[in-house]
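This one's a predicted model, so the numbers in the text were calculated from it and none came from an experiment. All values below were derived from every heavy atom in this structure, side-chain atoms included, with hydrogens, water molecules and symmetry-related copies excluded.
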Amino acid sequence: MEKFLYAGVYRSHSGDRETTRLMEYLAETADIALQRYPTGELVFLGDFNAHHKEWLFPYEKTDHAGREARKLALALNLTQLVDQATRIPDIAGHTPNCLDLLLTTDPHRHSVSVSAPLGSSDHCVVKSVSVCSPPDYTHRGTRRVWRYESADWDEMRAFFASYPWRRLCFSSGNPSCVADAITAVIRQGMEYFIPFSDIPLGYKARPWFNADCARAEARKQSAYQAWVKARDRKVRARKVRAKKRAYNAASRSCKRVLRKARFDHISRIGAKLASYPPGSKQFWSLSKSVESNFCRPTLPPLQKPDGSLAHTATEKANLFADLFASNSRLDTGSKHPPTLPHCDSLMPEITVFNKEVRRSLLSLDVNKASGPDGIPARVLRYCAPELAPVLTRLYRLSLKTKIVPKSWKLANVQPVPKKGSRADPSNYRPIAITSVLCKVMERVLNRKLLSYLEDNDLLSDRQYGFRRGRSTGDLLVYVTHCWGEAIENHGEAIAVSLDISKAFDRVWHASLLSKLPAYGIPAGFCNWVADFLSERSIRVVIDGCSSELMAIDAGVPQGSVLSATLFLLHINDLLSSGIVGYADDSTVMEKYLSSAGASGVEVQRMREAMVERTSLTLSNVSQWGDHNLVSFNASKTQACLFSAKRSPFTLSPTFRGTSVPVTDTLQLLGIELSSDLNFGTAIESKAQIAARKLGVLNKVKRYFTPEQLLNLYKAQVRSCMEYCCHLWDGSAKYQLAALDSVERRAKRIIGDNKLVASKLHSLAHRRKVACLSVFYRLYFGECAQELHELIPPSPFFHRTNRRTAGYHPFLVDTPSIRTKRFSSSFIMRTAKEWNSLPASVFPSAYNLTVFKSRVNRHLLGKLVPS
């Protein structure tokens with residue numbers, strides 16, 4: 001049964017202190033309520049008497065109540081759904097305002113409307129209709145659950161070591177037959193030496209239900225039947241009462257066993273999550289395991305093309321399969337793929353060695369999902385010494401024959417939500433779960449391919465995605481610095497963010513394959529890649545229900561190891577002067593520099609030249625798209641002007657014959673940038689994501705000790721608030737306060753002030769360490785060359801004095817800066833902190849880990865300056 005937790009709120013026109021106390025009380029009470037009802041939806045509604053120009057209609061002013069209400073919404077992951085004026089005053093000159101709010105943790109469930117006031121009231125009627133999905137009774141069969149903790153690994157390894165692989169598996173020269181035979185033997189070994197059970201599929205399965213639970217329920221059922229039998233036979237009352245007492249005791253015992261099993265299950269998940277990398281996607285498995293949360297379907301009802309809703313898991317799976325398959329089919333007609341000039345280097349033929357396969361097997365993440373063949377990464381990793389020679393022989397056969405086993409071309413596709421309504425199937429990204437055996441081979445090949453490309457500088461320096469030593473944060477540092485520098489020098493910058501429609505799903509295979517030889521990749525490997533991409537098929541699996549198989553003829557599978565590098569080669573010739581990219585996110589940049597005394601006519605002339613250069617670059621992008629059958633999403637193409645000038649900007653660049661309107665904001669790599677390079681909206685967004693995860697921790701608080709809660713917060717929640725934090729650390733204090741409010745809530749949930757004080761450093765301190773660590777990496781060139789060149793040079797001192805003698809040898813110049821925007825940019829802001837560091841924090845040779853540790857101790861006052 002679904003639960004709704006409603007809170008009716010009325011905030012009187014009280015002072016700021018009372019308002020703050022009210023919001024703190026609401027936050028604390030909500031946390032307590034969610035601990036008791038973990039699966040409940042939280043709804044705040046009522047008259048808040050609050051104003052917030054960036055958040056509430058009609059955006060005219062912001063008061064203390066508005067800021068506090070906004071912080072409450074961010075801390076509890078609440079979305080405000082009323083977007084109209086709800087108080088219409090009858091006094092002339094008074095402005096209508098949105099004072100009556102509805103905030104909820106599940107906004108997609110609600111449909112809100114506003115109608116005229118009743119009677120003599122000046123407040124409108126706010127109506128909310130909640131949509132619930134009907135239960136799905138589809139039969140889903142069973143799922144095999146392996147009990148790895150009880151496996152006999154030594155016997156399994158001995159079985160694989162003594163198995164006659166060559167005679168029974170390699171008798172055929174067909175890699176598909178060989179791969180199927182090897183898969184069958186591995187599955188056979190698993191069935192021999194790993195205990196398993198087949199459990200019913202569906203979201204009413206209880207993953208924590210173990211043998212003790214089954215025995216307890218059996219005893220309870222037996223006691224109940226004994227009592228009923230004694231009662232129906234009308235035996236002595238004393239005997240009936242004894243049977244009733246026995247049943248009550250068995251029932252209480254069963255409840256204790258079930259409660260302990262659930263407790264232990266959730267505790268194990270939490271302990272495992274604490275060891276995962278920060279921001280791990282597996283965090284939401286903790287949410288699904290809370291109480292009866294796994295009884296909900298993983299996806300809401302989905303909108304079909306005819307306007308009806310898909311409720312059952314089968315309907316949703318087929319709907320996604322049709323959509324994803326259509327996105328990965330291309331009608332090429334008589335189009336010929338483009339050709340590129342050949343480079344001067346040549347990659348040697350690839351040979352797979354046993355030690356490389358073994359190393360890849362030993363580095364597998366055992367928590368990754370198994371592919372369609374059912375071979376888990378855990379078995380491959382634990383039996384790596386025994387299986388590595390067998391798989392090496394298979395991989396060599398595949399490369400020799402240029403044939404990829406057919407079973408490796410099937411992918412189970414998992415829909416992962418993007419931004420926008422979760423009821424719209426087009427707002428999901430298809431992540432392919434493929435065979436782990438294939439991924440191991442891809443990893444070996446990908447390492448060799450990337451090494452060749454990097455060593456010969458064949459990938460554009462302006463590509464920041466899927467490359468070692470580069471990140472989204474690096475790209476954002478580069479572009480924001482360039483835009484801030486233009487404003488600093490009395491100029492302006494314009495950026496156009498391009499969105500390739502279904503970038504990975506619609507890669508034209510012929511175009512990609514025609515480019516590989518141009519980079520010196522040998523013909524044998526090119527032919528293997530051609531077979532790897534051909535005759536692929538997908539199926540979507542949701543809540544245990546699978547769609548039909550769908551054939552596709554385009555795209556590189558998202559989730560595959562080799563796909564990322566292949567996509568970089570596909571898009572590499574797009575990136576040129578004026579274009580930077582992170583995988584499929586490409587941004588066209590142009591700017592001009594001016595002087596303080598430039599006239600309006602001169603400014604207009606420079607603006608026109610800048611827009612003309614931008615349009616020319618966009619024209620080249622359009623031609624590249626036509627040659628490679630790549631379409632761009634016009635609705636997601638954004639243009640933004642970064643400027644401090646007051647004169648209106650009436651120009652706009654042209655892309656594919658259409659004028660691109662220039663706006664005040666730009667969404668780039670998960671960060672919303674404003675025309676004045678303000679990061680307030682981006683900070684709020686990160687706080688909201690962190691608050692959502694923190695809500696999960698609050699619901700499972702009773703299952704963990706304070707120390708475990710602290711580790712979960714640090715590993716999985718805090719990372720959300722530190723994404724690209726070096727970029728926006730110079731933001732205003734009132735903007736950073738949204739993050740501090742989330743951390744205060746985290747401290748309250750952890751509930752141990754002494755532990756928090758000793759082991760939880762402030763967000764401000766961690767941001768400072770992150771800024772200096774990124775600056776250290778950029779200073780020593782562990783990044784794109786164009787980004788390294790932005791680091792200011794070392795200053796020249798005409799003579800040494802007492803002051804300059806105390807500087808460390810890595811000092812950088814800090815020129816005087818005219819604008820606050822540029823002075824708060826990452827490089828300019830951090831350069832001053834960098835120069836103030838003592839020489840003792842710098843290792844004798846480049847070592848980012850040692851430097852970060854020393855900087856952390858120095859800022860905490862634990863490292864004595866030399």
Side-chain angles (χ1 to χ4, degrees), residues 278 447 450-485 495 564-565 568 571-572 574-587 589 591 668-671 673 677 679 722-730 766-794 808-814 822 824-835 837 841-843 845-855:
R447 189 180 293 117
L450 264 181
S451 177
Y452 163 74
L453 295 173
E454 296 281 6
D455 291 346
N456 292 277
D457 294 325
L458 296 176
L459 294 177
S460 170
D461 187 56
R462 315 207 85 188
Q463 175 59 264
Y464 287 76
F466 305 134
R467 300 178 67 182
R468 187 186 65 83
R470 304 187 183 209
S471 66
T472 55
D474 285 2
L475 177 57
L476 288 167
V477 164
Y478 176 75
V479 297
T480 54
H481 183 91
C482 293
W483 300 334
E485 188 178 42
T565 306
L568 293 187
I571 204 172
N572 195 52
L574 170 65
L575 302 180
S576 58
S577 177
I579 306 177
V580 293
Y582 186 91
D584 60 318
D585 290 304
S586 302
T587 304
M589 298 167 48
K591 65 179 182 179
L668 189 60
L669 300 177
I671 297 290
L673 302 167
L677 297 178
F679 296 97
E722 294 181 337
Y723 171 69
C724 291
C725 64
H726 60 282
L727 196 69
W728 41 260
D729 184 44
R766 290 180 56 81
R767 287 196 296 269
K768 200 66 65 183
V769 174
C771 289
L772 290 168
S773 299
V774 172
F775 196 94
Y776 177 81
R777 181 169 57 82
L778 303 189
Y779 180 91
F780 285 96
E782 294 294 317
C783 60
Q785 182 62 29
E786 62 182 3
L787 183 55
H788 171 64
E789 292 172 355
L790 295 182
I791 299 296
S794 300
H808 60 71
F810 307 105
L811 202 70
V812 297
D813 193 17
T814 54
F822 197 49
S824 62
S825 66
F826 164 70
I827 292 178
M828 297 295 101
R829 164 174 39 87
T830 312
K832 297 177 182 179
E833 291 280 347
W834 172 269
N835 287 346
L837 292 175
V841 304
F842 294 93
Y846 177 81
N847 191 317
L848 179 59
T849 303
V850 172
F851 174 80
K852 187 174 182 178
S853 175
R854 291 181 180 179
V855 164

Exercise. Evaluate the side chain to side chain contact (heavy atoms under 4.5 Å, CB included) criterion for residues Phe826 and Leu778: first the C-alpha distance (whole Å), next the side-chain angles of each, then the deciding distance (0.1 Å), finally the verdict.
Key: CA-CA 12 Å; Phe826 164 70; Leu778 303 189; 3.9 Å; yes
Practice problem: In sequence, state the C-alpha distance, the side-chain angles, and the governing distance for Thr480 and Ser825, and then conclude on side chain to side chain contact (heavy atoms under 4.5 Å, CB included). | Solution: CA-CA 8 Å; Thr480 54; Ser825 66; 5.9 Å; no
Self-check item: Derivation and outcome, side chain to side chain contact (heavy atoms under 4.5 Å, CB included), residues Leu848 and Phe780
Solution: CA-CA 10 Å; Leu848 179 59; Phe780 285 96; over 6 Å; no
Practice problem: For Glu833 and Cys771, run side chain to side chain contact (heavy atoms under 4.5 Å, CB included): C-alpha distance rounded to whole Å, both residues' side-chain angles, the deciding distance at 0.1 Å, then the answer. | Solution: CA-CA 9 Å; Glu833 291 280 347; Cys771 289; over 6 Å; no
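Between Trp728 and Tyr723, a ring centre-to-centre spacing not shorter than 6.0 Å is recorded.
Rounding to the nearest 0.5 angstrom, the gap separating the CG atom in Asp585 from the OH atom in Tyr464 is 14.5 Å. Between the CG atom of Leu727 and the CZ atom of Phe679 there is a distance of 4.0 Å, given to the nearest 0.5 Å. Distance check, rounded to the nearest 0.5 Å: CE of Met589 to OG of Ser577 gives 10.0 Å. The line from CG of Leu475 to OG1 of Thr587 is 6.5 Å long, rounded to the nearest 0.5 Å. Ser773 contributes atom OG, which lies 13.0 Å from atom CZ of Arg854 (distance to the nearest 0.5 angstrom). Ile827 CD1 to Ile791 CD1: the interatomic distance, rounded to the nearest 0.5 Å, is 4.5 Å.
Pairing each heavy atom of Asp474 with each of Gly469, the nearest pair is OD2-O, 3.4 Å. The two residues Leu458 and Asn572 have their closest heavy-atom pair at O-ND2, 3.0 Å. Residue Phe851 comes nearest to Val841 through the heavy atom pair CD1-O, 3.5 Å, listed as atom of the first residue, atom of the second, then distance. Shortest non-hydrogen contact noted between Ser794 and Leu811 is OG-O, 3.1 Å. The shortest non-hydrogen separation linking Cys783 to Arg777 is CB-NH1, 4.0 Å. Contact record, Arg467 with Ser460: NH1-O, 2.6 Å, taken as the closest heavy-atom pair.
The ring pair (Phe, Tyr, Trp, His ring centres under 6.0 Å) check on Tyr582 picks up nothing, with sequence neighbours excluded.
Taking 4.0 Å as the cut-off between side-chain N and carboxylate O, Glu454 and Arg468 do not count as a salt-bridged pair. For Asp461 and Arg470, the salt-bridge test passes: some basic side-chain N is under 4.0 Å from an acidic carboxylate O.
Contact of the Leu790 side chain with the Val477 side chain is not registered, since no non-hydrogen atoms from C-beta on lie closer than 4.5 Å. Put simply, the side chain of His788 does not reach to within 4.5 Å of the side chain of Tyr779, judged on heavy atoms.
Within the 3.5 Å criterion, the main-chain N or O of Ser824 finds a donor-acceptor partner in the side chain of Arg829. Here the side chain of Gln463 pairs a donor or acceptor atom with the backbone of Ala583 at under 3.5 angstrom.
Between His808 and Phe810, the ring planes are tilted. Angles from 30° to 60° get that label. Using cut-offs of 30° and 60° on the angle between ring planes, the pair Tyr776 and Trp834 is tilted.
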